[in-house]
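Written below as structure tokens is the structure these notes are about.
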Amino acid sequence: MPSPRSSRERRTGSGSSRLEFLSLVSQRSPGAPDSPSRRKEPGSSAAAPLPEEDCMKLNPSFLGIALSSLLAIDLWASKRLGVCAGEGSAWGSARPLMKVIEISGHGIPWLLGTFYGLCQSDSSAAREVLLNLLFALLLDLVLVAVVKGLVKRPRPTHNKMDMFVTISVDKYSFPSGHATRAALVCRFILRHLVLAVPLRVLVVLWALIVSVSRVMLGRHNMTDVLFGLLLGYALYSVVEHCWLSPLSAPALFALWSH
């Protein structure tokens, strides 16, 4: 007859074997908690990893923060400087004068004036200068229209759409065509016209006043005007590089010769 002690040892041994078998089965089971291939249940309390784009939004770059800050400062400063944006604004009484300055930097008066001078000129040297000025003004119009159409930055919210002779892209703000034209014409006049020092100073002041008036009238933000000045300054270099002369464009000069 087996002793009670040997019976207990057999039961303990069989129980231990059963526990080892269950442990092996649970480790090999695909649904085990520690299995890396187990999919999370919909109601699982564990947080799912964020998509990459969300991580980028939660951790913006230093460059993105700097650009956003500069844009906010630009909008705030432009609104504060728009003192002639309406009749009831701080300098509302100066708005008519600002609009006269606006017309002085508009493309149509410059194009018509240059074309008229080209038709009336009897000097070949004067025709060469005026023909290149006409080329520069047309190039300026095309380039500004292309950039405005690509960027599509809206006008400031405090602007009144009562501008002098606008086209479709003029509803956009970046860059300022008046500032571009002012810088271009200023460099052109200072380079190709012999003027006394007071007149040269007046030309520079005119370009600056036209540019500043764009912000004061609420037509543009400050960055629109600054980029316009840089663009016009650079555009003159392009005109100088592509200068039209009787040798490079004989057909054009034959057309305007009397």
Side-chain angles (χ1 to χ4, degrees), residues 96-149 163-170 175-214 217 219-220 224-258:
L97 176 60
M98 293 293 108
K99 294 188 71 174
V100 172
I101 296 174
E102 178 181 57
I103 296 174
S104 73
H106 198 278
I108 289 182
W110 278 99
L111 285 171
L112 293 179
T114 304
F115 184 79
Y116 178 78
L118 191 58
C119 294
Q120 298 297 319
S121 177
D122 293 327
S123 169
S124 59
R127 282 198 300 269
E128 181 176 346
V129 172
L130 290 172
L131 187 60
N132 281 275
L133 178 58
L134 184 63
F135 166 68
L137 293 172
L138 292 174
L139 184 62
D140 167 67
L141 285 177
V142 173
L143 183 59
V144 170
V146 169
V147 176
K148 283 188 175 184
M163 296 176 288
F164 175 74
V165 188
T166 60
I167 57 177
S168 59
V169 292
D170 284 333
S176 169
H178 280 69
T180 306
R181 191 174 303 109
L184 172 64
V185 171
C186 179
R187 284 198 71 186
F188 195 99
I189 291 177
L190 294 180
R191 175 66 177 82
H192 294 286
L193 293 184
V194 180
L195 300 175
V197 173
L199 292 178
R200 297 174 72 87
V201 172
L202 286 178
V203 171
V204 175
L205 286 177
W206 168 81
L208 294 176
I209 291 173
V210 168
S211 302
V212 172
S213 69
R214 308 311 292 156
L217 280 170
R219 307 292 196 208
H220 292 279
D224 304 333
V225 173
L226 292 176
F227 185 83
L229 288 172
L230 293 175
L231 183 61
Y233 190 90
L235 189 58
Y236 173 78
S237 300
V238 176
V239 174
E240 281 287 310
H241 181 72
C242 304
W243 187 262
L244 303 176
S245 67
L247 296 177
S248 61
L252 286 176
F253 286 89
L255 180 64
W256 296 106
S257 61
H258 297 290

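Numbering of residues begins at 1 and proceeds along the displayed sequence.
- For Ala183, the side chain to side chain contact (heavy atoms under 4.5 Å, CB included) criterion is met by Leu229, not counting sequence neighbours.
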Distance-only donor-acceptor hits, side chain of residues 129-143, under 3.5 Å, sequence neighbours excluded:
{"residue": "Asn132", "atom": "OD1", "partner": "Leu244", "partner atom": "N", "Å": "2.7"}
{"residue": "Asn132", "atom": "ND2", "partner": "Glu128", "partner atom": "O", "Å": "2.7"}
{"residue": "Asn132", "atom": "ND2", "partner": "Leu244", "partner atom": "O", "Å": "2.9"}
{"residue": "Asp140", "atom": "OD2", "partner": "Arg181", "partner atom": "NE", "Å": "3.4"}

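- Every pair tested for salt bridge (charged side-chain N to carboxylate O under 4.0 Å, His left out) that includes a residue from residues 192-204 fails, sequence neighbours excluded, so the list is empty.
- Leu190 places a side-chain heavy atom less than 4.5 Å from the side chain of Val204.
- With sequence neighbours excluded, no residue satisfies side chain to side chain donor-acceptor pair (under 3.5 Å) with His178.
- For Tyr116, there are no ring-ring contact (aromatic ring centres under 6.0 Å, His included) partners, not counting sequence neighbours.
- For Val212, the side chain to side chain contact (heavy atoms under 4.5 Å, CB included) partners two or more places apart in sequence, or in a different chain, are Met216.
- Within the structure, side-chain hydrogen bond (donor to acceptor under 3.5 Å, both in side chains) pairs that include any residue of residues 201-213 comprise Ser104-Trp206 (at least two apart or interchain).
- Applying the side chain to side chain donor-acceptor pair (under 3.5 Å) test to Arg214 and every residue at least two apart in sequence or in another chain returns Glu102.
- The shortest side-chain heavy-atom distance between Ile103 and Val100 does not fall under the 4.5 Å cut-off.
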Show the numbers, then the answer: is there a side chain to side chain contact (heavy atoms under 4.5 Å, CB included) between Val185 and Ile189? CA-CA 6 Å; Val185 171; Ile189 291 177; 3.5 Å; yes

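- By the side chain to side chain donor-acceptor pair (under 3.5 Å) test, Ser248 pairs with Ser245, sequence neighbours left out.
- For Leu199, the side chain to side chain contact (heavy atoms under 4.5 Å, CB included) criterion is met by Leu195, Leu202, not counting sequence neighbours.
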Compile the donor-acceptor pairs under 3.5 Å between side chains in residues 230-239 and protein atoms, sequence neighbours left out, one pair per line.
{"residue": "Tyr236", "atom": "OH", "partner": "His192", "partner atom": "NE2", "Å": "3.2"}
{"residue": "Tyr236", "atom": "OH", "partner": "Glu240", "partner atom": "OE2", "Å": "2.8"}
{"residue": "Ser237", "atom": "OG", "partner": "Arg187", "partner atom": "NH1", "Å": "3.4"}

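- Taking the six-membered ring for Trp and thresholds of 30 and 60 degrees, Phe164 and His106 have ring planes more than 60 degrees apart, a perpendicular arrangement.
- Taken from SG in Cys119 to CZ in Arg127, the straight-line distance is 11.0 Å, to the nearest 0.5 Å.
- The two atoms that bring Val210 and Gly105 nearest to each other are CG1-CA, 4.4 Å, heavy atoms only.
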